[in-house]
Amino acid sequence: MGLLRAIQRHKLLSFSIAAASGVAIYTQTRRKDWSSVGAVRFGRAMFGVVGIVVDYKKTLFHVDDSTEQYRELKSKVHWRSAEKLRQMCCKNGGIFIKIGQYLGSLDYLLPEEYVKTMKVLHNDAPRSPLDSIRRVVEEDLGCKVEDVFQEFSCEPIGTASLAQVHKASLKDGTQVAVKVQHPQVKAYSDVDMKTVDFLLHAVAWVFPEFEFLWLSEEMKKKLPVELDFIQEGHNAEKIARLLGHFKFLKVPKVYWNHSSARVLIMEYCEGGFVEDKTYMKKHGINVNKITQALGELYSEMIFVHGFVHCDPHPGNILIRKTDKQEMEMILLDHGLYQTLTDEFRWNYSHLWLALIRADLDNIKQYGQALGAGELYPLFACMLTARSWNSVTTGIDKVTPNQAEDQEIQESVGNYLPEISSILNKVPRQMLLLFKTNDLLRGIEFALDSRKSASSFINMSRCCVRAVADQDLSRCTSWISRTRVHLYKHLRLVGISAYQLYVQISNMSFMQQIIRLFSTAPVKQVSVVGL
């Protein structure tokens, strides 16, 4: 009864705040779209979340949490609650869709019922009417749509939480993609963020083990940046410059003459979605080369440059073949980037080297340096999406399998309080990396292509370069700098030698030779232990 009275008090307070904010917004804008009124949006979110809280409490009340009945009931309430949350996100739109997409990307960190339900938001975001989109374009560019474009598609070619994209052609016939912000996103983003913040704190009060307050902190920090398309254009040009040596990477060109804070015009590029196995098969594209290329890109972003594209969901990565019949990867949507500090980047590099080598002492040292404390084994499992047994044996030596995946998914529910505790303790930079890692793993899963030894080899190279970068920052003489450079190159040569060994060993002819002339199985060498 005390719980219900507390929830009722929260309802009254929430409704009062919502009504006040709604009156203020409606008075200022005189809008007739009631879904855009603060009171409606706040009230819809509040009643939805309160309903979910009550469902959990009523369903699991007085049920022994060690029984099979408890696990079955909890799974059912997870499904119901996830669907209610998804529906509320769709009705409110804007940043609520963004939050839903974020939750849908956290494989191995949230119960699978929530992840599977929220994943659909990546492909099912609400769209704005064409007249509203044209109005935004004309307000920002200060002219009629017809003055800039020869053609402008009526239907969007893509929709997302904050914007949608239309195909168009400039007056000179150049094909472009026009990204236009949904009309009311900026207008009610402040109220929406206050709503999310209030509800997360209210749920944390009812469920003390619920420690997802970091979600609102991260959204408050990142949302204003994502709403500035000028910044997105600069991000695109910066990553194109940093990763220009990857010949397979294509970053669409920005047309600055016709771009603004809410309208971004970029080169139009065609291709298949990165997770579309049918497209890859039809065009003769090796899916293993795709995942290997993604691994190389992101290893360089994270460990070498510390500038990371943090939204690699399948709709933002296109694949096609060039005129030379080579695979080309098109990286889209550059609104969400994470800049890593040098200290974080170095600790993270040390940790991954330790994970690849199954170096338990350094896994503990650098896991704790990144804020995991005594939960560093769970932290290692969260990063790798592997069991602790695989981590201690060597993630490059134990092949992932369905049984291990199932074990991890089941463990998420059992360790949810500990997982949320880690997410609250680690540096904020880590949060988007978790999301990025899970999105990349989702692509690997969709393509049925899991990390191989070669993937860890490429990651090791970047980690070695990052660690050498740290050592160079501490050098005080040319002798010490020379020693660091020499050691770095020796380690890189060792990694290349190991890569050659792996490639030769994987050749069918060499495998036959090894079987014929080996009296015992060939012992696999550690990736970076050279």
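Model, not experiment: these values are computed from the prediction.
Environment of OH in Y415: sparse, with no more than 12 heavy atoms of neighbouring residues, nucleotides or ligands closer than 6.0 Å. Within 6.0 Å of NZ on K76 lie no more than 12 heavy atoms contributed by other residues, nucleotides or ligands. Heavy-atom contacts from other residues, nucleotides or ligands closer than 6.0 Å to CG of D323 number 12 or fewer. Surrounding NZ of K194 are at most 12 heavy atoms belonging to other residues, nucleotides or ligands under 6.0 Å away.
Between L432 and K222, the closest side-chain pair of non-hydrogen atoms falls below 4.5 Å. Looking at Y298 and H309, their side chains come closer than 4.5 Å, going by heavy atoms from C-beta outward. In this structure, the side chains of R345 and D469 come closer than 4.5 Å at one or more pairs of heavy atoms. Counting heavy atoms from C-beta outward, F149 and I265 have side chains that approach closer than 4.5 Å. Looking at L223 and D192, their side chains never come closer than 4.5 Å, going by heavy atoms from C-beta outward. Taking the side chain as every heavy atom from C-beta outward, R134 and E146 approach each other to under 4.5 Å. Looking only at side-chain heavy atoms (C-beta outward), I422 and F379 come within less than 4.5 Å of each other.
Scanning both residues, L332 and G315, for their nearest heavy atoms gives CD1-O, 4.0 Å. Residue R86 comes nearest to T117 through the heavy atom pair CD-O, 3.5 Å, listed as atom of the first residue, atom of the second, then distance. Smallest separation of non-hydrogen atoms from A45 and N92: CB-ND2, 4.0 Å.
For residues 238-249, the set of pairs meeting the side chain to side chain donor-acceptor pair (under 3.5 Å) definition, not counting sequence neighbours, comprises H245-E300.
For R441 and D438, the salt-bridge test passes: some basic side-chain N is under 4.0 Å from an acidic carboxylate O. Comment: D311 engages K98 in a salt bridge, judged by a side-chain N to carboxylate O separation of less than 4.0 angstrom.
The distance from the CE atom of M266 to the NZ atom of K253 is 11.0 Å, given to the nearest 0.5 Å. To the nearest 0.5 angstrom, C90 atom SG is 5.0 Å from L121 atom CG. One finds the NZ atom of K74 at 9.0 Å from the CD atom of E113 (value rounded to the nearest 0.5 Å). To the nearest 0.5 angstrom, S132 atom OG is 13.0 Å from R127 atom CZ. Within the model, atoms CE of M46 and CE of M88 stand 11.5 Å from one another, a figure rounded to the nearest 0.5 Å. The CD atom of E112 sits 12.0 Å away from atom CD1 of I408, with the distance rounded to the nearest 0.5 Å.
Ring-centre distance between Y56 and H78: below the 6.0 Å cut-off.
Considering only residues two or more places apart in sequence or on other chains, Q150 meets the side chain to side chain donor-acceptor pair (under 3.5 Å) condition with none of them. Under the rule for a side-chain contact (heavy atoms from CB on, under 4.5 Å), the partners of E328 that lie at least two apart in sequence or sit in another chain are K250, R320, T322. Here E404 pairs with R386 under the salt bridge (Lys or Arg N to Asp or Glu O under 4.0 Å) rule; sequence neighbours left out. With sequence neighbours excluded, the residues forming a salt bridge (Lys or Arg N to Asp or Glu O under 4.0 Å) with D140 are R262, listed by chain and number.
Partner V251 forms a side chain to side chain contact (heavy atoms under 4.5 Å, CB included) with one of I330, I239, N235 and no other, that one being I239.
Between the side chains of Q164 and H166, at least one donor-acceptor pair of N or O atoms lies under 3.5 Å. For the residue pair E83 and Q87, a side-chain donor N or O sits within less than 3.5 Å of a side-chain acceptor on the partner.
Taking the six-membered ring for Trp and thresholds of 30 and 60 degrees, Y348 and F303 have nearly parallel ring planes, at less than 30 degrees apart.
Checked by atom type and distance alone, the side chain of D276 never pairs as donor or acceptor with a backbone atom of F273 at under 3.5 Å.
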Scan the side chains in residues 277-286 for donor-acceptor partners under 3.5 Å anywhere in the protein, sequence neighbours excluded, and list what turns up.
| from | atom 1 | to | atom 2 | distance (Å) |
| --- | --- | --- | --- | --- |
| Y279 | OH | I319 | O | 3.3 |
| H283 | ND1 | Y279 | O | 3.0 |
| N286 | OD1 | N288 | N | 2.8 |

